[in-house]
Amino acid sequence: MNKIHIAIAAAWVGLATLMATTVTNAKDFSIAGQTLSIGASSDLNYTTGVEDWIWELTPSAGVTALGIGLSVATDIDMLELDEGDIFQGLDFTADYSIPSTNINLYTEVSTDSDLEFGDVTVGAKVSF
């Protein structure tokens, strides 16, 4: 490795450290007794072997009403913004935590960029 490669690697490690230590919080609003959450998460990672950088930004919004959580999110590839395929679809989730248990019921469905729905996933998670 020459000095340029070392400097570039050091800059990426510094940026990754900054991204890893940055706290991302959703903003919660109380509307008519229900909670509306708006936020985003950022994931920057490097895969060795294939030498691939990935940086995804995931904005999301959700509402919790009567114990049922409804949310929607989308992934944006930040390293390929200039290639035109920014919008890849939406991910919808509904979940319900059964009171006095450690059981969470959920449903997930995603769309493609044309907003055509794909397969629906229904399940239960048990925490212990």
Separation of Leu57 CG from Ile76 CD1 (nearest 0.5 Å): 5.0 Å
Donor + acceptor pair across side chains of Asp52, Thr47 (<3.5 Å): no
Whether Thr107 side chain and Ala94 backbone form a donor-acceptor pair below 3.5 Å: no
Common cluster, Val120/Val72, ILVMFWY with side-chain heavy-atom separation under 4.5 Å: yes
Worked verdict on Thr58 versus Asp75 for side chain to side chain donor-acceptor pair (under 3.5 Å): CA-CA 5 Å; Thr58 306; Asp75 293 327; 2.8 Å; yes
4.5 Å side-chain heavy-atom contact, Leu70 and Phe92: no
From Phe87 atom CZ to Leu115 atom CG, the distance as rounded to the nearest 0.5 Å: 5.0 Å
Interatomic spacing from CE in Met78 to OG in Ser42 - rounded to 0.5 Å: 7.5 Å
Closest heavy-atom pair and its distance - Phe117, Val109: CD2-CG2, 3.7 Å
Side chain proximity check, Glu56 to Ile54, heavy atoms < 4.5 angstrom: yes
Gap between atom CG of Asp119 and atom CD of Glu108 - 0.5 Å precision: 12.0 Å
Nearest-0.5 Å distance, CG of residue Leu36 to CD1 of residue Ile31: 4.5 Å
Approximate separation, where rounding is to 0.5 Å, of Leu79 CG and Trp53 CH2: 9.0 Å
Hphob cluster co-occupancy, Leu105 + Val63, side-chain heavy atoms under 4.5 angstrom: yes
Heavy-atom pair of closest approach, residues Val126 and Phe128: O-CD2, 4.0 Å
Flag for Ser110-Asp91: side-chain donor and acceptor within less than 3.5 Å: yes
Side-chain (Asn102) to main-chain (Ser127) donor-acceptor, under 3.5 angstrom: yes
Non-hydrogen side-chain atoms of Ile103 and Ser97 separated by less than 4.5 Å: no
Minimum heavy-atom distance between Ser60 and Ala73, given as atom pair plus value: CB-CB, 3.8 Å
Considering all heavy atoms, the nearest Asp77-Gln88 contact: CB-NE2, 4.3 Å
